[in-house]
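I have placed the structure first, in the form of structure tokens, so that the comments after it can refer back to it.
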2 protein chains.
Amino acid sequence: MARTDDRFRSAYNTLLDICGSMGVGEQLPPETALADRMEVSRTIVRSALQKLDTEELIKWEGRRKTLIRKPEKKHRLALAESAPSTEELEQRFLEWILRFDVPAGTALNVAQLSRQFGVPAHSLQEFLASLSRFGLVERGQKGGWTLLGFTAEYAIELSEFRMVLELNAIRQLLAQAPDHEIWTRLEALKSDHEALKEDIETRYHDFSMLDKQFHMTINSVVKNRFVIEAQKVISLIFHYHYMWDKTFEQQRNAAAIDEHLELLNALLAKDSERSEAAAVRHLRTSKETLLSSLRDHKLV
Amino acid sequence: MARTDDRFRSAYNTLLDICGSMGVGEQLPPETALADRMEVSRTIVRSALQKLDTEELIKWEGRRKTLIRKPEKKHRLALAESAPSTEELEQRFLEWILRFDVPAGTALNVAQLSRQFGVPAHSLQEFLASLSRFGLVERGQKGGWTLLGFTAEYAIELSEFRMVLELNAIRQLLAQAPDHEIWTRLEALKSDHEALKEDIETRYHDFSMLDKQFHMTINSVVKNRFVIEAQKVISLIFHYHYMWDKTFEQQRNAAAIDEHLELLNALLAKDSERSEAAAVRHLRTSKETLLSSLRDHKLV
DNA sequence: GGTTTTGAATAAAATAATTAAAAACAATAT
DNA sequence: ATATTGTTTTTAATTATTTTATTCAAAACC
């Protein structure tokens, strides 16, 4: 067999639904209409009609497609569950690298990984190709793929890149008009932080989510596809590290909240110098946390 | 047939060379040594030896591989010319988009493009996947690929991204020690610019190369894989536009040289404010040039 | 006669199958 | 005991095959 007929199967099922909503003896719409409605090509419509004909649910003669009897549950075709999306794959892949501390230089086995992640080898290949743009993997000379990161150097460079992008975001943010929605969002973030600070001893786990939201909000003012794409990976990696680095989590998060609040206050006061200083301070802490979590993990 | 035996063929030819440098009756080195020397696996060495044996160039019994007679020209295997590298493919692809002004939203046909560029469909697929990270192409819902850029919006965002990265580079550059090699390189660039300015009326075509060198030098102080990767695409796109936008080329280049010199002088004077201002001015001009060339081209 | 619909042929994309190459392992000769 | 070879297993690149999409001409309907 070559490609799957998932598309045909799901189309056939929706065609059964269409038949079900019609009366016996009625005519089915033309092929083109069905194709448009079901968002598939006419080829699929035709093969589905053929099957309906052989199942004796319709009588198909030329352009006359008459419903003979209503379809029942048994007529439906079973669907294979769809493979994870690219984003899911990305998450799973990065989680695998970070969680199992896969060392730099590891040869990646497309066949095995595709089984592991439950995606066609094809998709994984494409995914690795796209990751190669972030310097996380590389094509080997003798074929195959090699994992380059995740090293301390990678983390440093990622942090620096993050700093460049985020300082730019802050400069752009401060240039927004006073009636821009960003200001109300920052106010909301501020109260969220203050609330969490109150209950830090019990709810310190919630910080991870808040941190992600915080950085996303700040970066949301930058409407640039390159920056957005880069931020996606940055956030993913930093986020995952937060997830499983549990050393001094409470103190670390308490300190981070203060740093966030400092930046939020500076931003709301529209004090650009203080904002930049606060951002630099926080991003440096973040980088150190990332690095130390890497070191700790390497010792395990 | 499955994969090509190019690897075998070229290995066989180098093995012929090795035999040619030996005397008749001598023993060939062990398989592992040959494999190391030729940078292929032992499997290939063994199949090459097998062929040498059947061609009666060597006598192969156990670990005794005796050269019977010297190989001649007729024994060499013809090599298929190798497919273009990823970088070449990237260049050709971008050139194709920019040169033929392929509109945004065009469905890309992998089969046809792979023929056009003389690469396996497979490689093209991978290449498109990697380009998707730069938002230039996208996977279609019904399969296949769609070209998203190259629109004016894309150009604007690319220019802005470039501005962010290049201003960062300038800040880093100014922080370098006085004995860093960058300063002598800047001095050299300055005289190159002055020389070209003298002969601008005859040599204005040479500016394109000098521009590329100029931006590469400035960015070379940033040792960050993400920045480097991004710069590669940026430089490629800007460079190609320079290549075929011939309107007012001479005046434009003359003006750009002055902007470059202004920045170079500010940098060499280690005047950060003047440097940033000069950089912003030049990058804005660059952006306008890119945009106007896009507009002009659209009218053709 | 013109429009809509269908039939059939062609092209392309996704996946399986196939083959080349690499690596791992076991056996043998030095 | 070590170096080298023979054999087997795995992996990756490419072709082949099947499903799906598209195109174009013929036929049916108004």
Side-chain angles (χ1 to χ4, degrees), chain A residues 1-12 27-36 38-50 60-65 80 82-83 107-115 119-126 128 139-146, chain B residues 1-12 27-36 38-50 60-65 80 82-83 107-115 119-126 128 139-146:
Chain A
M1 238 170 296
R3 64 189 280 183
T4 62
D5 56 356
D6 288 346
R7 224 173 155 67
F8 166 77
R9 298 171 89 87
S10 80
Y12 183 75
Q27 298 291 321
L28 282 157
E31 296 171 9
T32 40
L34 287 171
D36 279 359
M38 294 156 63
E39 293 181 321
V40 291
S41 75
R42 254 186 66 219
T43 310
I44 291 206
V45 174
R46 284 172 69 78
S47 31
L49 287 172
Q50 196 109 58
W60 188 17
E61 19 181 25
R63 61 185 56 183
R64 223 173 213 91
K65 300 173 286 288
S82 60
L108 299 175
N109 187 321
V110 174
Q112 188 227 304
L113 286 177
S114 71
R115 277 193 300 271
V119 294
H122 193 249
S123 307
L124 197 86
Q125 197 100 346
E126 254 173 34
L128 290 177
R139 206 99 231 264
Q141 316 79 327
K142 287 186 186 179
W145 295 90
T146 316
Chain B
M1 242 172 296
R3 60 190 285 184
T4 61
D5 57 354
D6 287 347
R7 222 172 155 67
F8 166 77
R9 299 170 91 86
S10 80
Y12 182 77
Q27 298 291 323
L28 281 156
E31 295 171 7
T32 41
L34 287 170
D36 279 1
M38 292 155 67
E39 294 181 319
V40 292
S41 74
R42 253 188 66 220
T43 311
I44 290 202
V45 173
R46 284 173 67 78
S47 30
L49 287 173
Q50 196 108 57
W60 188 16
E61 19 182 24
R63 61 187 55 183
R64 226 177 210 86
K65 301 174 285 287
S82 60
L108 298 175
N109 186 322
V110 174
Q112 190 227 305
L113 285 177
S114 71
R115 276 195 297 273
V119 293
H122 194 248
S123 308
L124 198 85
Q125 200 101 345
E126 246 173 45
L128 290 177
R139 203 106 233 257
Q141 315 81 324
K142 285 189 188 179
W145 296 89
T146 315

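Note that the coordinates shown come from a computational prediction; the quantities given were computed from them, not determined experimentally. Chain letters run A, B, ... following the sequence lines, proteins first and then strands; every chain starts at 1.
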Looking at every strand, decide which applies to E61(B) at a 4.0 Å heavy-atom threshold: base, sugar-phosphate, or nothing.
nothing

Just to be sure I understand the rule, does R9(B) reach a base, reach only the sugar-phosphate, or reach nothing, if contact means heavy atoms closer than 4.0 Å?
nothing

Sugar-phosphate only, base, or nothing, as touched by W145(A) at under 4.0 Å among non-hydrogen atoms
nothing

Do you know the tightest heavy-atom contact between L34(B) and P29(B)?
CD1-O, 3.6 Å

Atom CD of Q27(A) to atom C1' of dT4(C): distance rounded to whole Å?
16 Å

Under 4.0 Å between a side-chain N or O of Q125(A) and OP1 or OP2 of dA12(D)?
no

Classify the nucleic acid contact of L108(B) as base, sugar-phosphate or nothing, counting any heavy atom under 4.0 Å across all strands shown.
sugar-phosphate

With sequence neighbours excluded, residues passing salt bridge (Lys or Arg N to Asp or Glu O under 4.0 Å) with R46(B)
E31(B)

All side-chain hydrogen bond (donor to acceptor under 3.5 Å, both in side chains) counterparts of R9(A), not counting sequence neighbours:
none

5' precedence on DNA chain C between P29(A) and S123(A) (nearest-nucleotide basis):
P29(A)

side-chain contact (heavy atoms from CB on, under 4.5 Å) against S47(A), all qualifying residues, sequence neighbours excluded
F8(A)

Nearest whole Å is fine: how far is dA16(D) P from H122(A) NE2?
17 Å

To the nearest Å, how far apart are Y12(B) OH and dA21(C) P?
14 Å

Applying side-chain hydrogen bond (donor to acceptor under 3.5 Å, both in side chains), name anything that partners Q50(B), two or more places apart in sequence or on another chain.
none

For the pair made of CD in E126(B) and P in dA12(D), what is the distance, rounded to whole Å?
12 Å

State which residues pass side-chain hydrogen bond (donor to acceptor under 3.5 Å, both in side chains) with E126(B); sequence neighbours excluded, sorted by chain then number.
Q125(A), R139(A)

Only counting residues at least two apart or in another chain, list the ones meeting side-chain contact (heavy atoms from CB on, under 4.5 Å) with D36(A).
none

For dT5(D), take OP1 and OP2 only and decide whether either is under 4.0 Å from a side-chain N or O of K65(B).
yes

Which nucleotides of nucleotides 25-30 of chain D have their base under 4.0 Å from a protein heavy atom (B), which only their sugar-phosphate (S), and which neither (-), written as one string 5' to 3'?
--BB--

Is there a side-chain contact between L28(A) and L49(A), using heavy atoms and a 4.5 Å cut-off?
yes

Can a side chain N or O of R7(B) be found less than 4.0 Å away from OP1 or OP2 on dA22(C)?
yes

Which residues satisfy the side-chain contact (heavy atoms from CB on, under 4.5 Å) test with T43(B), sequence neighbours excluded?
S41(B)

In whole angstroms, how far is the C1' atom of dA13(D) from the CG atom of L128(A)?
15 Å

Assuming nearest nucleotide by heavy-atom distance, tell me which of V110(B) and D5(B) is located more 5' along DNA chain C.
V110(B)

Does the side chain of N109(A) get closer than 4.0 angstrom to OP1 or OP2 of dT10(D) through an N or O atom?
no

Rounded to whole Å, how long is the line connecting atom CD of Q112(B) with atom C1' of dA13(C)?
14 Å

If you measure from CH2 on W145(B) to CG on L113(B), what distance do you get to the nearest 0.5 Å?
12.0 Å

For residues 42-49 of chain A, which residues have at least one heavy atom under 4.0 Å from DNA chain D?
R42(A), T43(A), I44(A)

Go through dG6(D), dA22(C), dA12(C) for me and flag the one nearest to the E31(B) side chain.
dG6(D)

